[in-house]
Amino acid sequence: MAALNFTQSDPSTFILMGIPGMEDVHIWISIPYSTSYIFCLLGNFMVLFVVSKEETLEKPMYLLICMLALTDITKSSTVMPKALCIFWFNLKSITMGGCLTQIFFIHSVNFVQSGVLMLMAIDRYVAICNPLRYPTILTNARVVMLGLACLVRALIFMVPLPLTLSRLPFCDNRIIPQIHCEHMLLAMISCGDITFNRTYTLVIPFLLMGSDLMVIALSYGLIIRAVLRISSKRAHQKALNTCTIHICVLVTFYTPVLFTILAIRFIGDITSYGLIILSALYNLVPPVLNPIIYGVKTQELSDKVGKYTCRR
């Protein structure tokens with residue numbers, strides 16, 4: 001009997017509860033989720049399409065915006081299809097493989113996004129502080145290589161997550177009170193020792209995202225110093241406008257991510273509603289807002305988007 005209740009290597013099936021206690025209104029809850037997902041896909045694919053079509057946008061800044069759009073599409077597409085299956089068809093079961101795949105992609109994409117945002121800060125620093133050397137310092141090829149380096153970094157640090165989770169034993173409790181698999185929520189329903197998981201999920205995000213934030217802070221410190229030395233008011237306004245766009249994206253990304261990490265790690269009794277709201281914030285809100293922020297605030301991109309959307 002013990003063997004039946006304590007399986008260590010079987011491809012176990014878990015149950016994603018969606019929003020516990022609100023199953024009767026799942027169909028209504030799905031409306032904002034599905035609408036946000038559609039806007040996310042439309043906005044980010046539009047950005048990718050316009051940049052790929054317009055030679056004038058083949059610049060490092062727009063390549064970085066495309067990288068951000070790709071991560072937004074990947075992140076939301078990792079979470080939303082399964083969430084909508086729960087809301088619409090009550091398909092709550094997910095295999096161990098499916099669960100580990102979700103966890104791997106969600107966390108990997110978050111770290112790639114953090115790296116891309118760091119590259120954006122460096123791009124703004126070079127553009128404002130060294131404008132004459134900008135074309136030689138940040139070439140398109142160099143930006144692509146740096147983007148790939150961010151991807152490789154994320155994959156290397158995220159490989160241990162599914163490997164350690166797959167080795168954990170799980171008993172009778174296979175219920176995850178979420179719309180998607182989350183690393184610590186899955187670890188917490190295990191019967192085994194999750195000390196490594198707790199440590200890893202706290203140290204690695206702060207190591208990677210913390211170093212990215214330090215580079216971002218340094219870049220903006222140098223940008224502010226350079227801007228204060230500029231006498232022209234128009235140049236001031238232009239520099240601050242580009243920085244404001246990036247800061248808005250930084251806030252929408254880092255705030256919910258860091259708060260979620262701390263909440264799951266330290267607040268053991270946080271309500272499932274709170275976790276689901278946090279999940280929606282960092283998996284759905286930034287992917288919807290990013291193309292809007294860049295599309296509206298970046299004049300050159302806005303004009304090109306208008307060229308394709310306002311045709312008669």
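Numbering starts at 1 and runs along the sequence shown. In this text the structure is predicted, and so the values were computed from the model without any measurement.
- Between Cys66 atom SG and Tyr294 atom OH the span is 11.5 Å, to the nearest 0.5 Å.
- With contacts defined as side-chain heavy-atom distances shorter than 4.5 Å, the pair Leu41/Ser77 qualifies.
- The backbone N or O of Leu91 lies less than 3.5 Å from a partner atom in the side chain of Lys82, making a donor-acceptor pair.
- In the hydrophobic cluster analysis, where Ile, Leu, Val, Met, Phe, Trp and Tyr join through side-chain heavy atoms closer than 4.5 angstrom, Val144 is grouped together with Leu64.
- A salt bridge (charged side-chain N to carboxylate O under 4.0 Å, His left out) check over residues 143-155, counting only residues at least two apart or in different chains, returns the pairs Arg153-Asp212.
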| said: side-chain contact (heavy atoms from CB on, under 4.5 Å) for Val249 and Met120? Distances and angles first, verdict last. | reply: CA-CA 10 Å; Val249 175; Met120 285 180 161; 5.6 Å; no

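- Here the CZ-CD1 distance, from Phe170 to Ile189, works out to 5.5 Å after rounding to the nearest 0.5 Å.
- Within the structure, salt bridge (charged side-chain N to carboxylate O under 4.0 Å, His left out) pairs that include any residue of residues 39-60 comprise Glu54-Lys304, Glu54-Lys307, Lys59-Glu300 (at least two apart or interchain).
- Note that CG of Asn110 is 4.5 Å distant from NZ of Lys75, once rounded to the nearest 0.5 Å.
- Remark: side-chain polar atoms of Gln102 are not paired, donor with acceptor, to backbone N or O of Glu182 under 3.5 angstrom.
- One distance of note links CD of Glu23 with CD1 of Ile29; it measures 9.0 Å at 0.5 Å rounding.
- Counting all heavy atoms, side chain and backbone alike, Leu168 lies closest to Asp193 at CD2-O, 3.7 Å.
- Side-chain heavy-atom separations under 4.5 angstrom define the hydrophobic clusters, and Val203 shares its cluster with no other residue.
- Using a 4.5 Å cut-off between side-chain heavy atoms of Ile, Leu, Val, Met, Phe, Trp and Tyr, with links allowed through other members, Leu146 and Val109 fall into different hydrophobic clusters.
- The closest donor-acceptor contact from the side chain of Thr201 to the backbone of Arg198 lies at 3.5 Å or more, if one exists at all.
- Atom CZ of Phe105 has 12 or fewer heavy atoms from other residues, nucleotides or ligands within 6.0 Å.
- Sorted pairs that involve residues 118-134 and meet salt bridge (charged side-chain N to carboxylate O under 4.0 Å, His left out), not counting sequence neighbours, are lacking altogether.
- Heavy atoms only, all atoms of each residue included: Phe111 and Ala154 are closest at CB-CB, 3.8 Å.
- Within the 3.5 Å criterion, the main-chain N or O of Thr95 finds no donor-acceptor partner in the side chain of Thr13.
- For residues 137-149, there are no side chain to side chain donor-acceptor pair (under 3.5 Å) pairs, not counting sequence neighbours.
- Considering every non-hydrogen atom in both Ala187 and Ile194, the closest pair reads O-CG2, 3.3 Å.
- Heavy-atom minimum distance, Thr252 versus Leu289: CG2-CD1, 3.9 Å.
- Note: Arg174 CZ to Leu186 CG = 10.0 Å, rounded to the nearest 0.5 Å.
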| Would Ile128 and Val227 satisfy side-chain contact (heavy atoms from CB on, under 4.5 Å), going step by step from the backbone distance to the final call? | CA-CA 8 Å; Ile128 293 170; Val227 168; 4.3 Å; yes

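- Under a hydrophobic clustering in which Ile, Leu, Val, Met, Phe, Trp and Tyr are joined whenever their side-chain heavy atoms come within less than 4.5 Å, directly or via other members, Ile137 and Val215 fall into the same cluster.
- Val143 is not listed as a side-chain neighbour of Leu119, based on a closest heavy-atom distance of 4.5 Å or more.
- Counting side-chain heavy-atom gaps under 4.5 Å among Ile, Leu, Val, Met, Phe, Trp and Tyr, the cluster of Ile15 also holds Met17, Ile175.
- Here the CG atom belonging to Asn44 is positioned 4.5 Å from the CG atom belonging to Asp72, to the nearest 0.5 angstrom.
- Between Pro162 and Leu100, the shortest heavy-atom contact is O-CD1, 3.8 Å.
- Under the 4.5 Å side-chain heavy-atom criterion for ILVMFWY residues, no single connected hydrophobic cluster contains both Val152 and Met145.
- The ring pair (Phe, Tyr, Trp, His ring centres under 6.0 Å) analysis of residues 40-77, with sequence neighbours excluded, yields the pairs Phe49-Tyr308.
- Within the 4.5 Å cutoff, the side chain of Ile94 has heavy atoms near those of the Cys181 side chain.
- The closest side-chain donor-acceptor pair between His246 and Tyr220 falls under 3.5 angstrom.
- Through ILVMFWY side-chain contacts below 4.5 Å, Met214 is grouped with nothing and stands alone.
- The shortest distance between side-chain heavy atoms of Pro291 and Phe39 does not fall below 4.5 Å.
- The two residues Met96 and Leu165 make their nearest non-hydrogen contact at CE-O, 4.2 Å.
- At a threshold of 4.5 Å between non-hydrogen side-chain atoms, the residues Tyr200 and Thr164 do not count as touching.
- The stretch residues 121-156 participates, sequence neighbours left out, in no ring pair (Phe, Tyr, Trp, His ring centres under 6.0 Å) pair at all.
- For Cys40, there are no disulfide (SG to SG under 2.5 Å) partners at least two apart in sequence or on another chain.
- No path of Ile, Leu, Val, Met, Phe, Trp and Tyr side chains, each step under 4.5 Å between heavy atoms, connects Leu42 with Ile293, placing them in separate hydrophobic clusters.
- For Ser36 (side chain) and Pro32 (main-chain N/O), a donor-acceptor pair under 3.5 Å exists by modelled atom type.
- Here the side chains of Ile27 and Ser30 are in contact, with some heavy-atom distance below 4.5 Å.
- For the salt bridge (charged side-chain N to carboxylate O under 4.0 Å, His left out) condition, no pair includes a residue of residues 35-52, sequence neighbours left out.
- In this structure, Ser76 contributes its side chain and Ile73 its backbone to a donor-acceptor pair below 3.5 Å.
- Residues His107 and Ile204 have side chains not in contact (no heavy-atom distance under 4.5 Å, counting atoms from C-beta outward).
- Between Leu68 and Gln113, the closest side-chain pair of non-hydrogen atoms falls below 4.5 Å.
- Residues in residues 70-101 take part in these ring pair (Phe, Tyr, Trp, His ring centres under 6.0 Å) pairs, two or more places apart or across chains: His26-Phe87, Tyr33-Phe87.
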